[in-house]
Amino acid sequence: MAHLILKSSIFPDGQLVFADHEMPRTVGRSHRADITIPDLLLSRIHAEFRISSSGKFQIVDNESTNLTIVNDQDIESAELRTGDRILLGDTEITVEIDAGQTSPNEKTTRELPVIRTHHTGADD
């Protein structure tokens, strides 16, 4: 299970964590938003975090007055990666993606652990 971690000094404990199955989540200054941020530059429902068609975490602007900015770019929508910086009004949020554990069947052979066996030399 993947998790979206939003880090900002504005949040209690400095971060919010959402699992992929908890999407979508709205963000804005209204108490009706799932994530309420008391920033007067935010629209009531400023943007939405959701899962994109490719299965990645995404932020989508909700036609906000003061834009949604990711990595210094005004966006309508953007797939998120660890290290991305989101600016909503005067509030900066840093993104971390925790992809969670994957089963060995989902890993490439380069990601699987190497198992070494030791021979006694008797059959060599």
- Item | Minimum heavy-atom distance between F57 and F18, given as atom pair plus value | CZ-O, 4.2 Å

- Message: Is there a side-chain contact between D72 and R85 in this structure, where contact means two heavy atoms from C-beta onward sitting under 4.5 Å apart?
- Response: yes

- Item | Separation between CG of D61 and CG of L88, rounded to the nearest 0.5 Å | 8.5 Å

- Task: Spell out, as yes or no, whether a donor-acceptor pair under 3.5 Å connects the side chain of N71 to the backbone of D84.
- Result: no

- Hey, is CG on D13 packed in by over 12 heavy atoms from elsewhere, all under 6.0 Å? no

- Item | Test item: H46 side-chain N/O and L67 main-chain N/O as donor-acceptor pair under 3.5 Å | yes

- Query: If we only count heavy atoms from C-beta on, is the L16 to I5 side-chain gap below 4.5 Å?
  - Reply: no

- Message: Quick one: does any side-chain atom of D98 pair with a main-chain N or O of A2 as donor and acceptor, under 3.5 Å?
- Response: no

- Query: Do side-chain atoms of T82 reach the backbone of I97 as a donor and acceptor pair under 3.5 angstrom?
  - Reply: yes

- Item | Beyond-backbone contact of I86 with L80, side-chain heavy atoms, under 4.5 angstrom | yes

Give every donor-acceptor pair under 3.5 Å between a side-chain atom in residues 22-30 and any protein atom, sequence neighbours left out.
unit_1: E22; atom_1: OE1; unit_2: A19; atom_2: N; d: 2.6
unit_1: R25; atom_1: NE; unit_2: E22; atom_2: O; d: 3.2
unit_1: T26; atom_1: OG1; unit_2: D34; atom_2: N; d: 2.9
unit_1: T26; atom_1: OG1; unit_2: D34; atom_2: OD2; d: 3.3
unit_1: R29; atom_1: NE; unit_2: L42; atom_2: O; d: 2.6
unit_1: S30; atom_1: OG; unit_2: R32; atom_2: N; d: 2.9

- Message: Given 3.5 Å as the limit, does a donor-acceptor pair link the side chain of S77 with the main chain of I59, or not?
- Response: no

- Sequence neighbours left out, what pairs pass salt bridge (charged side-chain N to carboxylate O under 4.0 Å, His left out) with at least one residue falling in residues 38-60? E48-R50

- Query: Can you find a pair of side-chain heavy atoms, one from I35 and one from F49, that are under 4.5 Å apart?
  - Reply: yes

- Side-chain heavy atoms of I37 within contact of I93, under 4.5 Å: yes

- Task: Decide if atom CD of Q15 counts as having more than 12 heavy atoms of other residues, nucleotides or ligands within a radius under 6.0 Å.
- Result: yes

- Under a single-linkage definition using a 4.5 Å side-chain heavy-atom cutoff for Ile, Leu, Val, Met, Phe, Trp and Tyr, are I10 and L4 assigned to the same hydrophobic cluster? yes

- Query: Below 4.5 Å, heavy atoms only, C-beta onward: do D20 and M1 meet side chain to side chain?
  - Reply: yes

- Donor-acceptor pair, N62 side chain versus S64 backbone, under 3.5 Å? no

- Message: On a heavy-atom basis, which atom in R81 and which in V95 lie closest, and how many Å separate them?
- Response: O-CG1, 3.6 Å

- Message: Testing the basics here: between H31 and T36, what is the closest heavy-atom pair and its distance to 0.1 Å?
- Response: CA-OG1, 3.7 Å

- Message: Between E96 and T94, is there a side-chain heavy-atom distance shorter than 4.5 Å?
- Response: no

- Please examine the side chains of S54 and E79, heavy atoms only from C-beta on, and report whether any two atoms are closer than 4.5 Å. yes

